[in-house]
Amino acid sequence: KRTWSNISTKELERQYSPSRWSRRMSADDVIKAHVKALKEGTEQARSVAQTLLNVPYGEGDGEKLDVYIPNINSLDVHLVVYIHGGYWQFLSKEESGFMAVPLVDKGVVVVAVGYDIAPKGNMDLMVSQVRRSIVSVIQQYSHISGLYLCGHSAGAHLAAMVLSTDWSQYSITPQIKGAFLVSGIYDLLPILSTYVNEPLKMTEEVAVRNSPSKLVPQLKLSSSSCQIVVAVAENDSPEFRKQSEEFYKTLEASGLNVTMEDVANTDHFSIIEKLVDGEYHLTKLLLKMMGKS
Ligand SMILES: N[C@@H](CC(=O)c1ccccc1NC=O)C(=O)O
């Protein structure tokens, strides 16, 4: 069987370059368009929703989050925490409120979490930051009727690490009702030898302890009642598609409540950009999970 360990570094780097697999645009253009779409969507969200920007969840400079609040008051308020992607080295919460418009419209609170991307932050720190951000959100919004996670790409990895947390060292044990893991990486070992790891500087030990694929027993202990959606783009690379399929199968085999969504006519970037649209399949699925359809 052909696995990542007998693929050449050059081919691994191609497989782990999402921009090279888009059928819409060139690699450079798809990234430019991605950043632009996220920025414009976030501007739109900041203009229509009430916001609380730069709310600290820890002591560090990068430990801040943005809250997008519905204008209507509803009794059962659901909250979605969005964890942005960008290979743990690009993007920030400043362009990560783009999915808020259709959700806030339905009375859902959206939180965009900031974390210290590399080279400032390393993998252990980023994982610790997103975990602490969840604890902080629950402490501040104890009245909410459901907490949901959504992460894209590297953010899907971080969301899966949140689900796999041993909360015994934290002040509370979050109950996460649902998680949307979109075009994620769940086994970090294949990227160790690639350009992706240059700013991250992960050792094998760091990659193993931060790989959700190796933490499924802990995920099962901590998140047994979480409804998990593993979503992947039709035009993600074969390696990205394999990462999602294998993680899905491992979760399924351990008896978790998980579904796989292979999203037609999307690539690594459009699969998440389209969440600005209330009619998009994944937006509707997320709203349905919260009983808001
Ligand atoms: N070299 C990567 C770059 C990349 O993933 C990326 C770059 C800027 C902003 C976001 C990115 N990725 C996913 O969100 C690629 O080929 O797509």
Side-chain angles (χ1 to χ4, degrees), residues 4 7-43 62 81-99 112-121 123 126-127 129-130 149-161 180-188 190-202 207 212 230-244 247 263 266-276 280 282:
W4 64 268
I7 300 177
S8 70
T9 301
K10 187 164 177 280
E11 176 58 13
L12 262 185
E13 297 202 328
R14 196 173 73 93
Q15 292 285 333
Y16 284 99
S17 297
S19 60
R20 296 207 222 168
W21 299 85
S22 171
R23 299 187 185 178
R24 294 179 294 144
M25 294 173 233
S26 71
D28 286 353
D29 286 349
V30 80
I31 290 179
K32 274 186 211 143
H34 184 56
V35 175
K36 186 165 180 272
L38 302 186
K39 274 192 180 144
E40 286 175 356
T42 302
E43 268 171 41
V81 175
Y82 178 68
I83 307 174
H84 71 78
Y87 264 170
W88 309 274
Q89 53 201 275
F90 307 110
L91 301 179
S92 72
K93 71 174 178 58
E94 303 310 319
E95 55 281 310
S96 300
F98 61 93
M99 62 173 336
V113 173
Y115 55 91
D116 284 317
I117 56 173
K120 189 180 183 215
M123 190 57 72
M126 291 185 257
V127 168
Q129 288 178 327
V130 294
L149 286 184
C150 178
H152 172 235
S153 196
H157 159 267
L158 294 171
M161 289 302 288
F180 269 62
L181 308 177
V182 182
S183 280
I185 295 182
Y186 309 102
D187 178 1
L188 299 183
I191 64 170
L192 271 181
S193 63
T194 71
Y195 76 98
V196 180
N197 196 34
E198 279 168 24
L200 294 170
K201 298 188 164 56
M202 288 187 291
V230 178
V232 71
E234 179 181 3
N235 296 326
D236 257 319
S237 73
E239 272 294 306
F240 262 86
R241 292 178 55 81
K242 192 160 73 105
Q243 285 265 358
S244 285
F247 191 54
V263 188
T266 60
D267 59 38
H268 189 77
F269 303 94
S270 61
I271 192 175
I272 198 78
E273 290 165 7
K274 288 165 79 154
L275 281 169
V276 297
Y280 174 46
L282 289 186

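For the numbers below, each heavy atom of this structure counts, side chains included, while hydrogens, waters and symmetry mates do not. Counting starts at 1 for both ligands and their atoms, in listed order. Just so you know, residue 1 is the first one in the sequence shown, and it goes up from there.
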**Asked** Do the charged groups of Lys242 and Glu239 touch, with an N to O distance under 4.0 Å?
**Response** yes

**Request:** Compute the ring centroids of Phe98 and Tyr82, then answer whether they are less than 6.0 Å apart.
**Result:** yes

Expected rows: ligand 1 N/O, protein N/O, dist below 3.5 Å:
unit_1: ligand 1; atom_1: 1 (N); unit_2: Tyr195; atom_2: OH; d: 2.9
unit_1: ligand 1; atom_1: 14 (O); unit_2: Gly86; atom_2: N; d: 3.3
unit_1: ligand 1; atom_1: 16 (O); unit_2: Pro18; atom_2: N; d: 3.4
unit_1: ligand 1; atom_1: 16 (O); unit_2: Ser19; atom_2: N; d: 3.3
unit_1: ligand 1; atom_1: 16 (O); unit_2: Ser19; atom_2: OG; d: 2.7
unit_1: ligand 1; atom_1: 17 (O); unit_2: Ser19; atom_2: N; d: 3.0
unit_1: ligand 1; atom_1: 17 (O); unit_2: Ser19; atom_2: OG; d: 3.4

**Message:** Could you work out, with ring pair (Phe, Tyr, Trp, His ring centres under 6.0 Å) as the rule, every residue matching Phe180, not counting sequence neighbours?
**Reply:** none

**Request:** Sequence neighbours left out, what passes ring pair (Phe, Tyr, Trp, His ring centres under 6.0 Å) with Tyr280? Give chain and number order.
**Result:** none

**Message:** Which residues pass the ring pair (Phe, Tyr, Trp, His ring centres under 6.0 Å) test with His268, not counting sequence neighbours?
**Reply:** His152, Phe240

**Asked** Could Lys39 and Glu43 be called an ion pair, given the rule that one side-chain N must be under 4.0 Å from one carboxylate O?
**Response** no

